[in-house]
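Chain letters run A, B, ... following the sequence lines, proteins first, then strands; residues in each count from 1.
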There are 2 protein chains.
Amino acid sequence: MATQTAAARRAEARRKYNAYVAECPTRQLLDTISDKWVSLTIAALAASPRRYGELGRAIAGVTQKMLTQTLRALERDGLVARTVTADVPVQVEYRLTPLGASLLPLMEALTDWAESHMDEVLQARREHATAAEAAAADALA
Amino acid sequence: MATQTAAARRAEARRKYNAYVAECPTRQLLDTISDKWVSLTIAALAASPRRYGELGRAIAGVTQKMLTQTLRALERDGLVARTVTADVPVQVEYRLTPLGASLLPLMEALTDWAESHMDEVLQARREHATAAEAAAADALA
DNA sequence: CGGTATCCTTGCCGATACTG
DNA sequence: CAGTATCGGCAAGGATACCG
């Protein structure tokens, strides 16, 4: 076929999008802090450094796998620093780097928005649910 | 067995976490705006209202399914309003509500952080990769 | 104590086809 | 033009077991 199909055009667009995402800083940041374990971990480290086991207990419901995976990612990105003391038993401490700490104001801004506007969102959801019910009733009649 | 196993305790913690998430506004907000299509859609609607097809073309790589799904979610949460004109052909316009527009400063803050600090993150990644290589070389030797 | 390795399920999302 | 319905692949992540 001489011209591209719609599917081919979409696929092309998607590849371009993926390439774009790969170098878009904002997208990467969003992908990073949006991870539920990432945000909880940063919050858990906000006040003071913590040991691995402490974090595991402080962050409700996290598995060892996800905790380790999250900490490794944060360390790799320079947001968290890892310190090992060669004692027996081994002690491993994690703390926010200055770069990691610079994210705290952003998290706070998100928290502020959520706390001041989330009731509006919930209200919208209730109204939407009611409207949907009414529409369903109409459809039946 | 009289006492809980470690697995049972973790499962319990996870259920508590899920319950917590279900009513934690910040978590819900983060889950919402972290979605890649959500942030792109809000950005696409920032300047002016748009029609469905326009959005599909403006947002690179989005499928009909994800676009519809995203718009429905945003509408449900009161962040986006949907207006249908009964013309032929049908026209459907989407625009940010004031609530949705109030998210724009947050998105901007994220963008600002990303643009000013992302090079540090990338630098940290490069150093980490180098350190990992050195460690691997040590292990071989 | 602080992890790593493995299996296996779940649910997200893209592709495709069809409708008012 | 603006959707809805259905299927299937694939990767994220939870459970479990084991190691230095």
For the side chain of A:Lys65, starting at C-beta, report the closest nucleotide among D:dT6, C:dC1, C:dT6. C:dT6
Select one nucleotide: of C:dT4, C:dG14, C:dC1, the one nearest the side-chain heavy atoms of B:Thr63. C:dG14
In whole angstrom, give the distance that lies between atom CG of B:Leu40 and atom P of C:dC13. 13 Å
Interatomic distance, B:Asp35 CG vs C:dG14 P [rounded to whole Å]: 10 Å
Consider the side chain of B:Gln64, meaning its heavy atoms from C-beta on, and name the nucleotide among C:dG2, C:dG3, C:dA17 that approaches it most closely. C:dA17
Could you state the atom-to-atom distance from CE of B:Met66 to P of C:dG11 in whole Å? 16 Å
Closest-nucleotide mapping onto DNA chain C: is A:Gly53 or B:Val90 further toward the 5' terminus? I mean the 5' end. A:Gly53
Give a yes/no answer on whether the side chain of A:Arg82 brings an N or O atom under 4.0 Å of OP1 or OP2 in C:dG3. yes
Any side-chain N or O of A:Arg72 below 4.0 angstrom from OP1/OP2 of C:dT4? yes
Given C:dG2, D:dG13, D:dG3, identify the nucleotide with an atom nearest to the side chain of A:Arg51. C:dG2
Should A:Arg27 and B:Ser39 count as side-chain neighbours, where that means a heavy-atom distance under 4.5 Å? yes
Here the distance between atom P of D:dC1 and atom CD of B:Glu54, to the nearest Å, is 11 Å
Figure out the CG/P separation between A:Leu67 and D:dA12, and round it to whole Å. 18 Å
Of C:dG2, D:dA2, C:dC13, the nucleotide closest to the side chain of B:Gln69 is C:dC13
Would you find a donor on one side and an acceptor on the other, under 3.5 Å apart, between the side chain of B:Ser116 and the backbone of B:Trp113? yes
Does B:Arg95 have more than 12 heavy atoms from other residues, nucleotides or ligands lying within 6.0 Å of its CZ? no
According to a strict under-4.0 Å criterion, is A:Arg57 in side-chain N/O contact with OP1 or OP2 of C:dG2? no
Once you round it to whole Å, what is the distance between C1' of C:dG3 and CD of A:Glu93? 17 Å
With respect to the side chain of A:Val92, which nucleotide from C:dG14, D:dG3, C:dG3 is positioned closest? C:dG3
Compare the minimum distances between each of D:dC1, D:dG3, D:dA15 and the side chain of B:Tyr52, then state the nucleotide with the smallest one. D:dG3
Side chain of B:Lys36 only, heavy atoms from C-beta on: which candidate in C:dG3, D:dA15, C:dG14 is closest? C:dG14
A:Thr97 side chain vs A:Gly78 backbone, donor-acceptor pair below 3.5 Å: yes
Should B:Leu99 and B:Asp77 count as side-chain neighbours, where that means a heavy-atom distance under 4.5 Å? no
